[in-house]
Amino acid sequence: MVEKFVGTWKMISSDNFDDYMKAIGVGFATRQVGNRTKPNLVVSVDDQGIVCLKSQSTFKTTEIKFKLNEPFEETTADDRKTRTVVTLENGKLVQKQSWDGKETNIEREIEDGKLVAKCIMGDVIAVRTYVMEA
């Protein structure tokens, strides 16, 4: 099921991301950079079932490697230290990050050939859309 996410995805739109970053506690200066950054998302999976999510931009490149359903420690692009677990739920790749008594979810799914990432913190939802690079 993860295979449909594999590839290099180029961001084409980002809606409500500033409000999402505010909701998770990202400071003003980092939000300014985050709002201007249009990262590529590179998804791969090896023969051991280890998934790699790499976010690449001119500002910062971050990478996480994980097995589905196995919690791991993550340092996010905005430097939060989270306990993260990624699961597959109804065809969606769901990344749950927990830190300091808070929790946010990033739900990624394929819709009409595009990768749609919904970043959810409470009632704040940002939607970031990517297309597969040729």
Side-chain angles (χ1 to χ4, degrees):
M1 274 298 271
V2 176
E3 288 69 27
K4 68 181 178 181
F5 294 95
V6 169
T8 299
W9 300 88
K10 180 182 170 68
M11 181 182 287
I12 57 167
S13 70
S14 179
D15 300 310
N16 210 35
F17 195 58
D18 190 60
D19 285 342
Y20 172 74
M21 287 189 291
K22 271 187 209 166
I24 63 172
V26 176
F28 178 78
T30 304
R31 287 201 323 271
Q32 296 311 300
V33 174
N35 283 321
R36 283 197 297 276
T37 304
K38 299 268 188 255
N40 281 355
L41 182 66
V42 182
V43 183
S44 60
V45 60
D46 71 14
D47 54 9
Q48 307 290 306
I50 295 173
V51 180
C52 178
L53 288 182
K54 186 186 287 190
S55 177
Q56 296 176 312
S57 72
T58 52
F59 170 64
K60 193 169 204 173
T61 295
T62 60
E63 178 180 279
I64 56 172
K65 291 185 177 182
F66 56 89
K67 280 193 165 180
L68 289 176
N69 309 311
E70 291 186 12
F72 62 97
E73 303 302 316
E74 176 183 3
T75 299
T76 65
D78 60 308
D79 251 4
R80 282 173 296 124
K81 309 280 188 258
T82 67
R83 181 97 170 133
T84 300
V85 65
V86 182
T87 55
L88 261 178
E89 299 173 24
N90 301 318
K92 295 179 188 178
L93 206 52
V94 179
Q95 180 178 356
K96 292 182 176 155
Q97 298 172 333
S98 304
W99 77 104
D100 297 340
K102 301 175 195 158
E103 184 175 284
T104 184
N105 287 356
I106 303 166
E107 298 180 354
R108 296 177 177 92
E109 64 184 317
I110 307 299
E111 289 179 6
D112 301 323
K114 295 181 177 83
L115 188 152
V116 178
K118 289 184 180 132
C119 307
I120 304 161
M121 180 69 182
D123 58 0
V124 177
I125 300 174
V127 178
R128 310 188 97 195
T129 306
Y130 300 78
V131 293
M132 181 75 81
E133 276 205 330

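All values reported here derive from a predicted model rather than from experimental measurement.
Minimum heavy-atom separation, Lys10 to Asn40: CA-OD1, 3.5 Å. Contact detail for Trp99 and Ile24: the closest heavy-atom pair is CZ2-O, 3.7 Å. The shortest heavy-atom contact between Glu107 and Lys92 is OE1-NZ, 3.5 Å. Arg128 approaches Gly34 most closely through the heavy-atom pair NH2-O, 4.0 Å. Shown here for Glu103 and Met121, the closest heavy-atom pair between the two residues is O-SD, 3.2 Å. Pairing each heavy atom of Ser14 with each of Lys38, the nearest pair is CB-NZ, 4.4 Å.
In this structure the side chain of Trp9 reaches within 4.5 angstrom of the side chain of Ile110, judged on heavy atoms. For the pair Phe66/Leu68, a side-chain contact is recorded, criterion being any heavy-atom separation below 4.5 Å from C-beta on. For the pair Val51/Val86, no side-chain contact is recorded, criterion being any heavy-atom separation below 4.5 Å from C-beta on.
Atoms CD and OG1, on Glu73 and Thr84 in that order, are 8.0 Å from each other to the nearest 0.5 Å. Atom OG1 of Thr129 is separated from atom CG of Leu115 by 8.5 Å, given to the nearest 0.5 angstrom. Atom CD1 of Ile64 and atom CG of Leu53 lie 4.5 Å apart (nearest 0.5 Å). To the nearest 0.5 Å, atoms NZ (Lys96) and CD1 (Ile106) are separated by 12.5 Å. Considering CG of Asp18 and CZ of Phe28, their distance stands at 8.5 Å, rounded to 0.5 Å. Note: Thr75 OG1 to Glu63 CD = 13.0 Å, rounded to the nearest 0.5 Å.
Cluster membership check: Val116 does not share its hydrophobic cluster with Val6, using side-chain heavy-atom separations under 4.5 Å among Ile, Leu, Val, Met, Phe, Trp and Tyr. Linking Ile, Leu, Val, Met, Phe, Trp and Tyr residues whenever their side-chain heavy atoms come within less than 4.5 Å places Ile120 and Val127 in a single cluster. Tyr20 and Ile12 are members of different hydrophobic clusters when ILVMFWY side chains are connected at heavy-atom separations under 4.5 Å. Cluster membership for Met132 and Val43, using ILVMFWY side-chain heavy atoms within less than 4.5 angstrom, is shared.
With hydrogens and angles ignored, the 3.5 Å screen pairs a side-chain donor or acceptor of Asn16 with a backbone N or O of Ile125. A distance-only check finds a donor-acceptor pair linking the side chain of Ser57 to the backbone of Phe59 [under 3.5 Å]. In this structure a side-chain-to-backbone donor-acceptor pair under 3.5 Å is present from Lys4 to Gly91. Between the side chain of Glu3 and the main chain of Met1, a donor-acceptor pair closer than 3.5 Å is present. Side-chain atoms of Asp100 never come within 3.5 Å of backbone atoms of Lys102 as a donor-acceptor pair (strictly under, hydrogens ignored).
Counted by atom type alone, Thr82 and Gln97 present zero donor-acceptor pairs between their side chains at under 3.5 Å.
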* To do: Please step through side-chain contact (heavy atoms from CB on, under 4.5 Å) for the pair Val45 and Phe5, ending with a clear verdict.
  => CA-CA 9 Å; Val45 60; Phe5 294 95; over 6 Å; no
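Residue Lys60 qualifies as enclosed at atom NZ: its count of foreign heavy atoms under 6.0 Å is above 12. With a 6.0 Å radius and a threshold of 12 heavy atoms from other residues, nucleotides or ligands, Asp46 has its CG atom above the threshold. Atom NZ of Lys65 has 12 or fewer neighbouring heavy atoms from other residues, nucleotides or ligands inside a 6.0 Å radius.
Partner of Leu41 under the side-chain contact (heavy atoms from CB on, under 4.5 Å) criterion, chosen from Gln56, Arg108, Met11: Arg108.
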